[in-house]
Amino acid sequence: ATVQTADYLIVGGGTAGLVLANRLTENPAVSVLVLEAGGDGLGNVNISDYTRVGAAWGTDIDWQFPTQPLYYANNRSLGSAPRGKVLGGSSAINGDVFDRGDAREYNEWQALGNPGWNFSTIFPAEKQSEKFYPPDASDDIDYVLDRHGTDGKVASAFSIAAPPIHNDIIASVVNAGGVETADLEGGNVTGIAHVTNAKLPTNETRSTSATAYYFPYSYRPNFKVILHATATKIVWRSTTPGNAVAGGVEYVDQNGVTQSVSANTVVLSAGSWGSPPILERSGIGNATFLASLGIKSVVDLPGVGENLSEQTLVPMQWQLNTSLPIPRSPFLLNMESIQKTFGPDNLSTIESLLDAQTTSLSNALHEAHKRLYQAEAPWIEQFIRVSTPASGPSVLSMYAVNLHPLSRGYVHIVSANGTEYPEIQYNWFQNPFDLYLVAAACQRIQKIANTPPLSGWLTTSIAPAPGVTDIAGLEEHIKNTAIQTNHIMGSALMAPREDGGVVDPDLKVYGTKNVYVVDASVIPIEPAAHLQGTVYAFAERAAELFKQNQ
Ligand SMILES: Cc1cc2nc3c(=O)[nH]c(=O)nc-3n(C[C@H](O)[C@H](O)[C@H](O)COP(=O)(O)OP(=O)(O)OC[C@H]3O[C@@H](n4cnc5c(N)ncnc54)[C@H](O)[C@@H]3O)c2cc1C
């Protein structure tokens with residue numbers, strides 16, 4: 001086997017991994033080696049054309065992770081779930097929405113026992129990651145420049161001009177008691193506004209972590225990437241209890257041959273379904289579970305693979321009375337608190353459901369969610385777009401997204417075999433709070449749709465069927481139609497060890513001397529946003545920490 005060495009070995013050249021690799025290699029004295037299971041993706045139009053959302057799913061640049069049937073949603077199967085298997089990772093195949101979370105959410109990262117992780121450190125990291133291109137005045141899209149970064153690496157811009165119906169959608173949200181905001185960035189994510197894409201407007205191509213953080217810097221001699229290299233497990237130099245030392249990583253190359261690389265520091269950036277399985281195969285996880293698979297325990301860490309969080313998305317759609325001359329409009333996002341969703345007089349049932357601890361959510365996370373509620377943090381997103389099929393009238397979609405689900409799933413290996421898919425269970429709606437909340441969110445969307453001037457555009461409801469307006473009927477609609485946002489996180493939680501944590505605030509895995517996780521799996525509280533903007537900011541801040549600790 002070929003042996004290469006580096007100061008830092010980063011497993012996964014995805015969204016977070018390439019940010020860290022880029023920032024560390026700014027110092028020519030530091031060498032970084034990235035192992036990426038996929039290829040470079042160069043020339044793949046399903047990556048570069050950001051409007052082709054979904055075209056890459058099910059192809060060779062998608063992992064196509066199998067998922068378990070949803071026990072609490074009529075045992076429905078979602079089949080396989082997409083994750084990017086290519087340089088850039090999921091930033092290369094995602095929906096390309098680019099936005100960030102609320103200050104109240106980032107401050108809860110710190111309140112959970114992670115000093116230094118709060119809005120005052122994340123906001124500068126957000127700006128550091130972004131290069132914002134303001135829209136033309138003729139596009140009729142508001143923004144606030146100082147909420148954006150203008151000097152960072154990920155290009156962001158609004159997509160095409162908004163059609164006139166958008167002003168009526170905004171007016172109906174306001175008429176139904178909501179608020180309009182000029183720009184959802186900057187830490188107060190409340191109200192309705194347009195949202196940017198990660199794209200370079202000069203040539204209308206997608207900005208990924210590979211186009212932003214790798215390709216322009218691949219000339220650096222200290223920044224090496226091995227493609228088609230699937231890491232299987234950590235190779236230990238010593239397994240002294242409480243202080244295990246990694247010597248490197250084993251991987252399978254494109255010919256199926258096992259190779260190894262050595263490094264002073266091992267960083268897992270293989271994503272929320274990629275990093276926990278590598279830890280488990282390396283002996284880090286629930287010791288009893290690992291013993292059942294014949295794996296010797298190195299660190300007994302029951303939080304590994306647990307606490308998997310995924311925001312659900314429920315379709316609410318109406319037929320328009322006209323066919324608009326656009327295939328699809330840009331996205332509008334309306335972010336609202338639970339108090340807004342229910343109205344002030346209808347909170348008692350949801351409060352008692354929120355108080356009940358019925359899931360595997362740790363007490364610390366449960367308390368954090370209660371504080372978010374008290375602070376009236378954004379909790380429900382309405383993800384809004386108008387699209388026009390090849391024939392027939394246009395369709396208004398106002399998806400209901402639960403930003404802070406209490407139900408938690410898991411990802412665990414099924415054998416010690418390094419390339420076998422893990423078992424993934426989302427566990428949606430295990431906690432009745434989630435189902436009831438989303439049903440009320442659907443009613444809130446129906447109220448907005450029935451409010452002028454938007455109501456004047458709409459004919460029949462497509463989803464759910466016309467007349468389904470009561471909580472019970474909407475709960476069935478939710479169970480039968482909820483799909484992923486693909487914002488998975490939390491499966492290698494940054495939290496105190498006694499609260500199910502896997503990494504400490506320096507992102508170091510408990511019980512090890514030199515193993516870290518830097519990807520969405522450590523993020524402890526969901527942002528009121530689509531996840532990539534937060535992952536970029538998180539990884540920028542992680543890189544700062546690594547540099548400080550060098
Ligand atoms: C279909 C889809 C749509 C989405 N839509 C949006 C959206 O519109 N807006 C938004 O903000 N967010 C969106 N997201 C979420 C966002 O893209 C992710 O949260 C984010 O990219 C995750 O970053 P990450 O670094 O944790 O993982 P990833 O970017 O997935 O990186 C993990 C990397 O590790 C590699 N890897 C995994 N295992 C191994 C191994 N064993 N050996 C070597 N390499 C390995 C993978 O190939 C990949 O390159 C979407 C995600 C998906 C999948």
Side-chain angles (χ1 to χ4, degrees), residues 9-20 34-41 50 53-58 60-65 80-101 154 156 195-198 206 208-210 213-214 225-234 249-253 261 267-279 281 309-311 313 331 333 383 418-422 483-492 517-523 526-527 529-539 542:
L9 175 62
I10 300 179
V11 176
T15 314
L18 291 181
V19 175
L20 182 64
V34 177
L35 296 182
E36 168 52 44
D40 63 18
Y50 73 98
V53 174
W57 307 349
D60 64 334
I61 60 168
D62 171 9
W63 283 89
Q64 305 177 52
F65 279 99
S80 79
R83 303 308 297 170
K85 188 179 188 179
V86 64
L87 269 188
S90 297
S91 72
I93 70 156
N94 66 17
D96 205 41
V97 171
F98 185 73
D99 60 339
R100 275 76 63 104
V154 183
S156 82
V195 68
T196 52
N197 285 110
R206 179 197 292 264
T208 74
S209 74
Y213 288 91
Y214 176 63
V225 173
I226 305 181
L227 297 172
H228 306 291
T230 305
T232 52
K233 60 181 176 187
I234 294 164
V249 159
E250 225 171 69
Y251 71 93
V252 177
D253 73 12
V261 281
V267 183
L268 302 184
S269 298
S272 298
W273 290 336
S275 292
I278 297 173
L279 290 173
R281 285 192 295 266
S309 166
E310 164 71 328
Q311 300 164 330
L313 184 148
F331 280 117
L333 259 55
F383 188 37
T419 52
E420 204 168 345
Y421 279 116
I483 53 168
Q484 304 102 317
T485 53
N486 299 300
H487 299 163
I488 50 165
M489 43 166 274
S491 50
V517 183
V518 178
D519 59 29
S521 62
V522 310
I523 295 180
E526 308 84 355
H530 297 230
L531 195 52
Q532 69 173 343
T534 296
V535 173
Y536 279 121
F538 156 79

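Both ligands and their constituent atoms are indexed starting at 1 by order of listing. What you see is a predicted model, and the numbers here were worked out from it, not measured in a lab. Position 1 is the first residue of the sequence, and the numbers go up from there.
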Q. Do any N or O atoms from the side chain of S309 and from the backbone of M489 form a donor-acceptor pair under 3.5 angstrom?
A. no
Q: Write out the residue and atom name of the closest protein heavy atom to atom 5 (N) of ligand 1, then the distance separating them to 0.1 Å.
A: G95 N, 2.9 Å
Q) What part of A229, side chain, backbone, both or neither, has a heavy atom within less than 4.0 angstrom of ligand 1? A) backbone
Q) At under 4.0 Å between heavy atoms, which part of S269 makes contact with ligand 1: side chain, backbone, both or neither? A) backbone
(Q) Is there a polar contact between ligand 1 and D96, counting only N or O atoms under 3.5 Å apart? (A) yes
(Q) Within the structure provided, determine whether Y213 and T208 are in side-chain contact (heavy-atom separation under 4.5 Å). (A) no
Q: Return yes or no for this condition: an N or O of I93 is under 3.5 Å from an N or O of ligand 1.
A: no
(Q) I need the nearest protein heavy-atom contact for atom 15 (C) of ligand 1: residue, atom name and distance, please. (A) N486 O, 3.4 Å
Q) Any N/O of K85 closer than 3.5 Å to an N/O of ligand 1? A) no
Q: Give the residue, atom name and distance (to 0.1 Å) of the protein heavy atom nearest atom 47 (O) of ligand 1.
A: E36 OE2, 2.7 Å
**Q.** Any donor-acceptor pair under 3.5 Å from Y536 side chain to S209 backbone
**A.** yes
Q. Among protein heavy atoms, which sits nearest to atom 9 (N) of ligand 1, and what does the distance come to when rounded to 0.1 Å?
A. V97 O, 2.8 Å
(Q) The test is side-chain contact (heavy atoms from CB on, under 4.5 Å); show your working for E310 and T485 and say whether it passes. (A) CA-CA 7 Å; E310 164 71 328; T485 53; 3.2 Å; yes
Going by atom type alone, with no hydrogens or angles, which donor-acceptor pairs under 3.5 Å involve a side-chain atom of residues 268-278 and a protein atom two or more places apart or on another chain?
residue: S269; atom: OG; partner: V518; partner atom: O; Å: 2.8
residue: S272; atom: OG; partner: I488; partner atom: O; Å: 3.1
residue: S272; atom: OG; partner: S521; partner atom: N; Å: 3.3
residue: S275; atom: OG; partner: A270; partner atom: N; Å: 3.0
residue: S275; atom: OG; partner: D519; partner atom: OD2; Å: 2.6

Q. Do any heavy atoms of Y251 fall under 4.0 Å from ligand 1?
A. no
Q. What part of L87, side chain from CB on, backbone N/CA/C/O, both or neither, has a heavy atom under 4.0 Å from ligand 1?
A. neither
Q | F331 and F383 aromatic ring geometry - parallel, tilted or perpendicular at 30°/60° bounds | A | parallel
Q) Under a 4.5 Å cut-off applied to non-hydrogen side-chain atoms, are E526 and H487 in contact? A) no
Q) Taking the side chain from R281 and the backbone from T232, do they hold a donor-acceptor pair closer than 3.5 Å? A) yes
**Q.** Per-atom contacts of ligand 1 with V535, taking only distances under 4.0 Å to non-hydrogen atoms
**A.** 23 (O)
(Q) Against ligand 1, does G84 come closer than 4.0 Å with any heavy atom? (A) yes
Q: Check each heavy atom of S91 against ligand 1 and say whether those closer than 4.0 Å belong to the side chain, the backbone, both or neither.
A: backbone
Q: Using atom types as modelled and distance alone, determine if a side-chain donor or acceptor of Q311 lies under 3.5 Å from a backbone N or O of P527.
A: yes
Q: Quick one: closest heavy-atom pair of L18 and G88, and the distance?
A: CD1-N, 3.7 Å
Q | I93 versus P82, closest heavy-atom pair with distance | A | CD1-CB, 4.1 Å
**Q.** Whether W57 lies under 4.0 Å from ligand 1, heavy atom
**A.** yes
Q. Which residue supplies the protein heavy atom nearest to atom 44 (N) of ligand 1, what is that atom called, and how far is it?
A. A37 N, 3.2 Å
Q: Mind listing the closest non-hydrogen atom pair of I61 and A56 along with its distance?
A: CD1-CB, 3.7 Å
Q | Proximity flag V86 to ligand 1, non-hydrogen atoms under 4.0 Å | A | yes
Q: Would you check whether P82 has a nitrogen or oxygen atom less than 3.5 angstrom from a nitrogen or oxygen atom of ligand 1?
A: no
Q.
Looking only at protein heavy atoms, which one is nearest to atom 30 (O) of ligand 1, and what is the separation?
A. S90 OG, 2.7 Å
**Q.** N486 and R83, any side-chain heavy atoms less than 4.5 Å apart
**A.** yes
(Q) Does any part of the side chain of P422, heavy atoms only, come nearer than 4.5 Å to the side chain of F65, both counted from C-beta? (A) yes
Q) If we only count N/O pairs under 3.5 Å, is G38 in contact with ligand 1? A) no
Q. Heavy atoms only: which of I10, T230, T15 is nearest to atom 20 (C) of ligand 1?
A. T15
Q | L35: numbered ligand 1 atoms lying under 4.0 Å from its heavy atoms | A | 43 (C), 44 (N)
Q | Short N or O distance, G271 and ligand 1, threshold 3.5 Å exclusive | A | no
Q | Min N/O separation G17 to ligand 1 under 3.5 Å | A | no
Q) Picking from T15, D99, N94, what satisfies side-chain hydrogen bond (donor to acceptor under 3.5 Å, both in side chains) with Q532? A) N94
Q: Identify which of L18, V19, I488, N94 has a heavy atom lying nearest to atom 17 (O) of ligand 1.
A: N94
Q: Ignoring hydrogens, just give me the one of S272, A520, G89, A231 whose non-hydrogen atom is nearest atom 40 (C) of ligand 1.
A: A231
Q) Which of the atoms of ligand 1 are close to I278, meaning less than 4.0 Å from one of its heavy atoms? A) 41 (N)
Q.
I'd like to check whether W63 has a polar contact with ligand 1, where a contact means an N/O of the residue lying under 3.5 Å from an N/O of the ligand.
A. yes
Q: Locate the shortest heavy-atom distance separating V154 from A198; write the atom from each residue and the value.
A: CG1-CB, 4.1 Å
Q | Side chain to side chain, Y251 and I226, heavy atoms closer than 4.5 Å | A | yes
Q: Just need the protein heavy atom nearest to atom 25 (O) of ligand 1, so name the residue and atom and give the distance.
A: A16 N, 3.0 Å
Q. Can you tell me which residue and heavy atom of the protein come closest to atom 31 (O) of ligand 1, and the distance to 0.1 Å?
A. G14 CA, 3.3 Å
Q. Below 4.5 Å, heavy atoms only, C-beta onward: do H530 and D96 meet side chain to side chain?
A. no
(Q) As an exercise, identify every atom of ligand 1 less than 4.0 angstrom from a heavy atom of D519. (A) 25 (O), 26 (O)
